[in-house]
Amino acid sequence: MLIKLRFLLLTLFLSLFCKAQTPQRRSQDSLNPTKTNHISEVVIQPSSRNTRLSEGNRIVPISGNKEFKTSLNLLDVLKKTPGVTVDQEGGIFIGGRVAPAIFVDGKPVVMTNQELQSYLRSLSPEMVELIEVNTNPSAKYDAEFKGIIDIRLKKNINLGWRGNYNGNIYVNKFNYKENSLNLSYNADKVTYHLQLGYNNGISTYRYNALQYLANTNIMRTDTYHEDEGSVYAVQTGADIKLNDENRVGINLRGNFRKNDRVRRGSLYTMDKSETYQVFNTESENPMDYSQDNYGMTLDYSFQHKGFKMNFLGNYLSVKNRQKDDFLNRDKASSTLLSYWKSDLFNKIDMYTGQVDISQKIGNADVEAGFKYSYSNTNNNNRYDTLSVNNQFRFDPERSNIFSYKEKIIAGYLAYRQKFGKLSMNAGIRFENTESISNAVISDSIVSRNYLEWLPSLSLNYNFNKSSELSLSYSRKITRPIFSQLNPFRFYYSPLNYWIGNPYLQPSFTSQIKAAYRYKNWITNLTVGREKDVMTRYPLYNPTTNVLEYLGTNLPYRDFAVLETSLPVKVTRWWNMTGQIAGYYNYEFRPYLENVFALNIYNYEIRLNQVFTLPKGYTVNLFANYESRTGNSLYIIKPRYTVDLSIQKAWFDNTLNTKIGYNNIFDSYEQHLEFRHKQIMDNRLTHWWDSSRFLLSVSYNFGSSKYKSQEIPRVEDESRAR
């Protein structure tokens with residue numbers, strides 16, 4: 001069925017493409033019916049789309065941009081945005097695997113990863129004015145923010161109410177559906193908004209491994225993961241304009257997730273000649289998972305002449321519950337070899353509050369801010385193992401009671417001034433971190449208290465309207481997150497799992513970035529060094545054949561990223577954007593009494609083509625290729641993906657329909673191979689069901705209309721949180 005859908009979509013695209021060319025050929029033939037036809041010259045010229053730089057940050061308009069007309073939602077838009085990558089699981093990265101902070105209208109989004117993805121999927125491209133991609137944030141931003149993507153939503157500036165429904169369905173072996181309803185009401189001094197969402201369906205994942213064991217046997221691991229889930233989301237709030245100088249905003253939200261997962265796997269081992277079976281076992285791991293999120297945001301701003309003040313407070317509560325059964329049997333006889341259960345409860349509470357002020361003095365701005373944040377995470381994961389007398393008993397080796405508390409006090413001082421064509425932004429930030437982790441069962445308590453000073457400097461020079469150059473420097477910190485610290489086992493299979501390390505240290509990154517723009521051609525170069533790099537490494541036990549992945553700090557790594565993108569207009573109906581990125585990575589990695597240090601080079605090429613056809617059809621063909629890459633221990637093989645989609649608007653643009661096929665050739669799985677065969681010969685494959693036929697319907701309604709306008713950059717609203 002999927003193959004038929006692929007060919008159907010390709011046939012539809014070709015028929016529309018041919019129709020687009022037919023009128024022009026007929027016109028030429030009617031003027032000179034006896035003239036021999038030749039392919040006319042194609043003139044490639046820069047596109048007039050308004051992609052630009054602002055202080056070295058890329059500004060990309062979204063609403064009304066042809067490149068994103070066929071995108072289903074904002075997550076799909078980010079996938080096609082120059083300098084941004086979205087992986088198979090919805091993870092967002094910029095500048096070579098840097099996970100950016102997500103801001104909305106200059107304010108940070110304090111959400112879990114799952115809730116954030118659900119929110120981004122609820123936003124259609126027509127609801128977003130522009131996005132700003134910042135790959136080297138200044139000292140005004142949290143030191144953990146190595147990158148920021150700021151989403152500027154379109155505003156309902158007319159009196160009255162406005163609504164939007166967006167529905168998407170993805171078809172593979174199973175279906176997955178997304179539904180969102182967005183409502184806003186503008187009553188002059190008060191704007192109310194309400195967002196409702198419901199997603200449900202089934203997604204699948206496969207993990208395969210081939211391992212040549214120390215005893216010369218050959219073991220194959222196959223795991224199939226099927227996840228049936230539903231997500232309910234609600235978000236509501238109001239923006240109140242008290243007067244010309246004071247504004248208050250409040251936002252309340254909830255996100256509720258329920259998943260039933262089934263993981264089935266097998267371990268199949270043969271001798272070296274692959275003629276004699278050593279053992280063949282199968283495993284079953286049913287899971288019941290739920291997550292409840294509650295959040296609240298309070299925002300107040302005051303502005304009088306050249307003075308500005310802003311307060312932002314956030315609260316987030318997350319509760320995770322998960323129950324697992326792990327059953328392992330001999331495949332031939334169905335004899336139960338082992339059986340254990342787990343019962344997990346995890347609770348996270350986060351509080352943040354910050355005040356920012358700025359004062360304009362002549363053509364200079366002096367800015368300062370203070371922030372306090374506190375998080376408290378508690379994890380209780382109990383394991384019980386079936387004993388020989390068929391009784392479940394508490395398993396202390398696998399069980400885990402772990403708590404982590406973290407308090408951060410931060411402040412910054414920044415100075416901005418413009419000298420003719422040159423503008424400067426210098427800042428210094430301090431962050432004092434107090435943390436304590438407690439692994440109760442292993443009686444391990446780790447406490448830390450450290451103060452760091454983090455400077456930044458950026459210079460921007462405008463040669464003329466067509467070209468500008470930006471240089472910036474920053475020092476950043478990356479603290480280990482809860483899952484990296486928690487010493488509990490996360491199982492891929494009965495003999496393969498990863499485990500956290502409570503003794504991980506934070507890492508520090510110093511980097512320099514240069515950005516140059518000539519018209520719409522933008523090139524970025526980033527170089528830097530990260531010390532105490534947090535990473536995972538494999539540890540193989542030749543006696544038990546258990547493969548663990550453990551956390552550690554590497555001494556350092558050097559990196560460089562060179563990116564360039566150029567939108568061009570090939571013809572009146574054909575626009576495309578080419579993106580090329582080159583990456584360099586050098587890791588100094590001690591491992592098993594050896595040191596492995598390799599220079600790793602790789603590149604990525606993306607081509608986004610948009611065809612504007614008669615009768616309002618828009619066709620998008622997106623292709624992405626990633627070359628061979630990896631790190632000091634693993635090789636990651638090349639992969640590519642091709643997406644095709646078609647869009648058309650109806651009834652004066654109130655109804656928007658889209659169909660498409662993502663990852664048409666199902667070619668985006670990830671293959672890894674361990675480099676050093678004398679230590680371990682291990683080959684892994686991760687596959688996600690990203691090859692999907694898709695259908696989308698978006699409908700706008702209401703008594704007022706969104707007005708697309710350029711939202712000016714307001715500095716006190718785009719500060720780090």
Side-chain angles (χ1 to χ4, degrees), residues 207 209 211 213-215 219 221 223 225 261-267 269 279 281-289 320-330 335-347 377-404 436-447 480-504 534-553 592 680 682:
Y207 167 77
Q211 187 174 350
L213 306 179
N215 58 10
M219 183 170 69
T221 303
T223 302
H225 186 125
R261 305 173 183 171
V262 176
R263 181 187 294 148
R264 302 182 183 90
S266 65
L267 293 174
T269 303
F279 66 84
T281 64
E282 59 183 3
S283 62
E284 186 177 353
N285 176 210
M287 291 174 277
D288 182 14
Y289 172 77
N320 295 289
R321 295 180 176 87
Q322 180 170 320
K323 292 186 177 182
D324 292 76
D325 288 89
F326 300 86
L327 299 93
N328 303 300
R329 293 184 173 90
D330 178 77
T335 302
L336 185 65
L337 302 176
S338 64
Y339 184 7
W340 67 84
K341 297 182 176 182
S342 74
D343 190 350
L344 166 71
F345 176 77
N346 172 267
K347 189 175 188 301
T377 305
N378 291 281
N379 191 85
N380 189 339
N381 194 7
R382 176 188 173 98
Y383 278 87
D384 293 283
T385 302
L386 188 67
S387 61
V388 292
N389 58 357
N390 288 328
Q391 297 290 326
F392 281 98
R393 297 185 181 276
F394 175 68
D395 188 341
E397 182 181 354
R398 293 190 178 96
S399 296
N400 167 262
I401 301 177
F402 186 75
S403 67
Y404 181 71
I436 181 168
S437 63
N438 185 5
V440 177
I441 290 181
S442 59
D443 193 22
S444 173
I445 299 177
V446 180
S447 61
I481 61 176
F482 179 80
S483 61
Q484 293 174 306
L485 296 170
N486 192 359
F488 81 99
R489 299 178 182 179
F490 178 85
Y491 283 88
Y492 294 109
S493 72
L495 298 180
N496 191 344
Y497 55 83
W498 60 263
I499 187 169
N501 179 3
Y503 299 99
L504 277 178
M534 290 178 285
T535 189
R536 294 192 181 276
Y537 68 96
L539 187 63
Y540 171 61
N541 187 325
T543 303
T544 62
N545 293 325
V546 169
L547 180 62
E548 296 178 313
Y549 288 90
L550 307 176
T552 188
N553 290 100
L592 299 181
M680 178 177 60
N682 194 20

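Positions are given from 1, in the same order as the sequence printed here.
- The shortest distance between side-chain heavy atoms of I445 and I436 falls below 4.5 Å.
- Among residues two or more places apart in sequence or in another chain, the salt bridge (charged side-chain N to carboxylate O under 4.0 Å, His left out) test is passed with R264 by none.
- Contact record, L547 with P538: CD1-CB, 4.0 Å, taken as the closest heavy-atom pair.
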### Task
Could you please spell out the steps behind the side-chain contact (heavy atoms from CB on, under 4.5 Å) verdict for R261 and H225?
CA-CA 7 Å; R261 305 173 183 171; H225 186 125; 3.7 Å; yes

#### Entry: salt bridge (charged side-chain N to carboxylate O under 4.0 Å, His left out) between R382 and D384, worked out
CA-CA 7 Å; R382 176 188 173 98; D384 293 283; 3.0 Å; yes

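- Interatomic distance, N380 CG to F402 CZ, rounded to the nearest 0.5 Å: 13.0 Å.
- Side-chain atoms of E548 and Y497, non-hydrogen and from C-beta on, do get closer than 4.5 Å to each other.
- The nearest pair of heavy atoms linking G551 to L504 is C-CD2, 4.0 Å.
- Atom NZ of residue K347 and atom OG of residue S403 lie 13.5 Å apart, to the nearest 0.5 angstrom.
- When all heavy atoms are compared, the tightest approach of D325 to L327 is CB-CD1, 3.9 Å.
- Put simply, the side chain of L344 does not reach to within 4.5 Å of the side chain of F488, judged on heavy atoms.
- A side-chain contact (heavy atoms from CB on, under 4.5 Å) with Q211 is found for one member of T269, T221, L267, N682 and no other, namely N682.
- Partners of Y549 by ring pair (Phe, Tyr, Trp, His ring centres under 6.0 Å), not counting sequence neighbours: none found.
- In terms of the ring pair (Phe, Tyr, Trp, His ring centres under 6.0 Å) criterion, F279 has no residue partners (sequence neighbours excluded).
- In this structure, CG in D343 is found 10.0 Å from CG in D288, a value given to the nearest 0.5 Å.
- No side-chain donor-acceptor contact under 3.5 Å links N320 and Q322.
- The line from OG1 of T377 to CG of N379 is 9.0 Å long, rounded to the nearest 0.5 Å.
- Heavy-atom minimum distance, P487 versus P502: CB-CD, 4.1 Å.
- Partners of Y207 under the ring pair (Phe, Tyr, Trp, His ring centres under 6.0 Å) rule, at least two apart in sequence or in another chain, are Y492, H686.
- Listed by chain and number, the residues in a ring pair (Phe, Tyr, Trp, His ring centres under 6.0 Å) with Y339 are F392 (sequence neighbours excluded).
- Between S483 and W498 the shortest heavy-atom distance is O-CZ3, 3.6 Å.
- Scanning both residues, R393 and N389, for their nearest heavy atoms gives NH2-ND2, 3.5 Å.
- Remark: S399 OG to Y383 OH distance equals 8.0 Å, nearest 0.5 Å.
- Looking at N328 and S338, their side chains do bring a donor and an acceptor atom within 3.5 Å of each other.
- Remark: L386 CG to Q391 CD distance equals 8.0 Å, nearest 0.5 Å.
- T385 contributes no side-chain N or O that, together with a main-chain N or O of W340, makes up a donor-acceptor pair within less than 3.5 Å.
- Applying the salt bridge (charged side-chain N to carboxylate O under 4.0 Å, His left out) rule to R263 yields no partners; only residues at least two apart in sequence or on another chain are considered.
- R536 places a side-chain N or O within donor-acceptor distance of the main-chain N or O of I499, the cut-off being under 3.5 Å.
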